[in-house]
Each structure stands twice: as C-alpha cells, then as structure tokens.
Amino acid sequence: MTALDLDALIDDPKTRIVVTCGAGGVGKTTTAAALGLRAAERGRKVVVLTIDPARRLAQSLGLTELDNTPRAVKDVDGANGGSLDAMMLDMKRTFDEVVLAHATPEKAEQILANPFYVALSSSFAGTQEYMAMEKLGQLHKQAERTGEWDLIVVDTPPSRSALDFLDAPERLASLLEGRFLRLLLAPARGPLRLMSAGVNLAMSVMNKVLGAQVLTDVQTFAAAFDTLFGGFRERAEKTVALLREPHTAFLVVAAPQNDALREASYFTDRLREERMPLAGVVLNRVTTTHAPDLSAERSLAAAEKLTEAGKSDLTAAVLLLHADRMQQVVGETKRADRFRRGHRAIATVDVPALPDDVHDLAGLRTIGDLLTA
C-alpha cells in the first residue's frame with residue numbers, strides 16, 4: 001500500500017491533464033478546485049473545467065459565475081509564475097459551437113433552430129459527458145497552440161453506469177451515426193426499394209406514437225446533420241486516446257462509506273480495463289479525533305459511572321459524543337483498510353473531514369495542504 005504523492009504529480013511538467021472522478025457527494029469538485037489552486041500557486045498555468053451542475057466551485061474560487069469561457073481567478077498567489085482559470089461546462093453552448101465550427105452557415109442555422117436538436121443538445125442522456133470530452137479536446141488544442149495552460153484539471157459529473165464520461169461519446173456517436181437516423185434519410189429506391197413497405201409501416205407507427213411534427217423534426221435534423229456524423233466519432237476517439245496518454249492522471253475520489261468505496265472499486269477496475277492512467281484514490285472526509293487512545297467503550301463506561309453518581313452531566317455528555325465519534329472512526333478505518341487490502345497496488349491519501357464547507361480560497365488551500373500532507 002503506497003501513499004499518494006499529489007505534490008509530485010502536479011509539480012511534474014509531464015502531467016498535463018488531471019481527471020477527478022467518483023460517485024456524487026464525495027467532494028470531487030472541491031478536490032479538483034483545491035488541486036488546481038495548489039498547482040497554480042506552485043507555478044503551473046492551470047485551467048479547471050467543472051461539469052458539476054452545482055455552483056460550489058464558482059463560490060469557492062470567488063467568482064460570481066462560471067460559464068463556457070475560462071475566467072481568471074483573482075487573489076491567486078502568482079509568485080512562482082503560475083495562474084488559475086476556471087470554467088463550467090455549458091453543454092448546449094458547446095454543442096452549438098461544434099455545429100458552428102463544422103457546418104456551413106446555412107446548415108448550422110437549420111440545425112440550431114431544429115426542435116429535435118434543441119432537445120438533444122439540452123437534455124439527452126449522455127450529452128453532458130460527450131460535450132465534456134469535446135471541451136477537454138478544445139482546451140487541450142488551445143493549450144498546445146497558445147501555451148496558455150500547461151495543466152488541465154477536469155471535474156467529471158457523478159456517474160455510475162460504466163464511467164459515463166468515457167462511454168457517452170460512443171453512445172452519442174452511435175446515435176448520430178446509427179441506423180435509425182440513416183433510415184429516416186434513406187430514399188425508397190435502389191437496394192432499399194424492397195424495404196419500402198416495411199419502412200412505411202414503421203413510419204406510420206412512429207407517426208402515431210410520436211406525432212407527425214416530431215418525426216418531421218427528426219427527419220429534418222438528420223438531413224441537415226448528415227455532413228457532421230463522422231466528425232463526432234473521430235473527435236471522441238481522439239479525446240479517449242488523449243486520456244490514455246502518460247501525461248493524463250485519473251484520481252478517484254471516495255468517502256470512507258460502503259457505497260462510496262464500492263463505487264471507487266468499480267471506477268478503479270474500469271479505468272484499468274480501459275488502460276487509463278490511474279494515479280490513485282483520494283479518501284475524502286475521513287473522521288478524525290484528538291483523543292484516539294480513548295476508546296468508545298471506555299468513554300461509554302466513564303459516562304455511565306458519572307451519570308450513576310449524579311456527577312458532571314456536561315462531562316458525561318462530552319464522553320458520549322466522543323464515544324459516538326470513535327465508533328465512526330473505527331468503522332471508517334475498517335472500511336478503508338478493507339478497500340486498501342483489495343487494491344494494494346493503488347496509492348491512496350486520506351483527507352480529514354473539515355467542520356465547515358469550503359467556500360473560499362483559504363478553504364481550498366487548507367484542502368490542498370491536507371491532500372498533500
């Protein structure tokens with residue numbers, strides 16, 4: 001079992017992309033922001049991309065808002081030559097940018113105004129994760145072209161289903177290149193002429209289920225989008241290949257709870273299957289105590305004696321609180337140790353739980369210190 005050295009990771013100029021992933025509610029966003037800030041104040045030129053729909057990152061970084069454009073974070077100590085920009089993914093705007101960049105003005109106008117496209121770009125399952133990949137690819141190209149950044153930190157959305165961040169591009173590309181949309185474009189002639197009766201029957205059923213206007217919108221979208229089909233898969237494949245490069249590091253963030261540790265096991269196994277470079281696991285929000293030698297059992301016994309003797313209700317209450325905390329510590333330690341025994345080759349670091357939520361740069365610096373202690 002190895003300790004995870006995150007300072008060595010972010011100080012290494014060969015590290016160009018850090019991806020934090022894990023279940024929801026374990027502190028991925030805070031971890032990404034803290035690492036980005038620490039790297040910037042140690043001399044890296046950093047951009048943090050968050051895909052979390054919550055606005056906590058903006059608040060922690062002292063920004064009134066985050067949007068699809070990287071914005072400089074103020075009050076970062078740049079004495080070592082570093083800088084920090086931050087942005088929050090706007091999936092529809094990113095999709096719009098892709099359309100505008102790869103379609104003619106006339107086609108782009110047709111696509112952007114199409115009701116099916118509006119629904120697809122705003123709420124279709126997997127669109128957010130796919131557009132995260134698109135934006136990561138854009139940032140990487142911009143960094144290589146301009147030298148604006150030398151480290152990209154990506155905060156992924158909470159996902160359970162086979163690492164959606166990696167799977168969504170394939171799913172969306174399959175949809176956009178799939179048989180259904182191709183069928184809508186297929187003329188009733190040539191090799192498909194013999195299928196026309198079946199196709200017409202299918203169209204008739206879909207008209208009844210979806211409504212004629214919906215089907216017309218989908219057909220119009222497919223016709224206008226036809227020239228862009230191949231580009232989605234190609235760019236997705238390039239970004240996935242980018243994530244497999246040695247300059248990328250994945251960090252799995254977990255909490256010392258059974259569900260979160262199961263998620264972490266799932267993530268680490270899947271990353272290794274996909275040949276993604278796993279740097280290690282951050283065990284976040286670990287319960288600690290200032291009196292580790294005073295067990296829960298001894299605390300409960302002492303509290304019981306004081307109560308029976310009618311003495312010091314306040315002391316008894318404190319002892320009961322300590323007993324409860326020690327039970328948490330023992331339970332979390334057992335779960336964390338079990339996880340480590342099952343993943344001996346994976347480096348880990350424990351981050352103690354803080355009494356308050358992180359809401360400013362000072363809090364992020366504290367998290368950075370704890371991540372690298």
Side-chain angles (χ1 to χ4, degrees), residues 49-55 58 65-71 87-142 157 164-165 167-189 192 196 199-239:
L49 165 63
T50 181
I51 302 133
D52 192 323
R55 300 287 169 171
E65 62 176 342
L66 288 180
D67 58 21
N68 223 39
T69 303
R71 297 176 182 272
M87 63 174 293
M88 178 177 286
L89 179 77
D90 182 330
M91 66 177 180
K92 185 179 188 314
R93 184 173 163 189
T94 301
F95 211 150
D96 292 349
E97 289 172 354
V98 172
V99 172
L100 291 168
H102 298 282
T104 64
E106 295 79 11
K107 288 283 188 183
E109 185 177 353
Q110 291 177 20
I111 294 169
L112 296 179
N114 184 276
F116 179 76
Y117 168 77
V118 172
L120 176 71
S121 60
S122 302
S123 56
F124 186 79
T127 303
Q128 185 184 53
E129 288 82 2
Y130 179 88
M131 289 307 147
M133 299 287 262
E134 282 277 358
K135 183 56 68 176
L136 173 57
Q138 292 174 13
L139 290 173
H140 183 258
K141 285 182 180 178
Q142 185 175 343
D164 289 343
F165 185 65
D167 291 333
E170 178 65 24
R171 290 204 307 272
L172 187 62
S174 297
L175 169 74
L176 297 177
E177 299 171 2
R179 293 181 180 179
F180 173 67
L181 290 183
R182 293 297 187 186
L183 185 64
L184 296 179
L185 291 170
R189 60 178 182 274
L192 292 175
S196 59
V199 171
N200 288 335
L201 178 60
M203 293 297 183
S204 175
V205 172
M206 284 190 287
N207 261 328
K208 292 177 182 177
V209 175
L210 301 175
Q213 186 57 50
V214 173
L215 191 57
T216 300
D217 290 340
V218 174
Q219 288 176 310
T220 304
F221 164 79
F225 212 78
D226 191 37
T227 56
L228 302 184
F229 282 133
F232 277 84
R233 185 178 297 278
E234 182 182 351
R235 287 192 303 278
E237 289 173 352
K238 285 182 179 179
T239 306

**Q** To the nearest 0.5 Å, what is the distance between CG (L89) and NZ (K135)?
**A** 7.5 Å
**Q** Could you state the interatomic distance from CZ (F95) to CG (L112), rounded to the nearest 0.5 Å?
**A** 10.0 Å
**Q** Could you pull out the closest heavy-atom pair between A103 and A108, with the gap in Å?
**A** CB-N, 4.0 Å
**Q** How close do L49 and A132 get, heavy atom to heavy atom, and via which atoms?
**A** CD2-O, 4.2 Å
**Q** Keeping N68 on the side-chain end and D90 on the backbone end, is there a donor-acceptor pair under 3.5 Å?
**A** yes
**Q** Would the distance check show the side chain of Y117 and the main-chain N or O of Q110 forming a donor-acceptor pair, the cut-off being under 3.5 Å?
**A** no
**Q** When rounded to the nearest 0.5 angstrom, what is the spacing between NZ in K238 and NE2 in H140?
**A** 12.5 Å
**Q** Rounded to the nearest 0.5 Å, what separates atom CG in N114 from atom CD in E109?
**A** 12.5 Å
**Q** Side chains of L139 and P70, heavy atoms from C-beta outward: is any pair under 4.5 Å?
**A** yes
**Q** Would you call Q138 and T239 a side-chain contact if the rule is heavy atoms closer than 4.5 Å?
**A** no
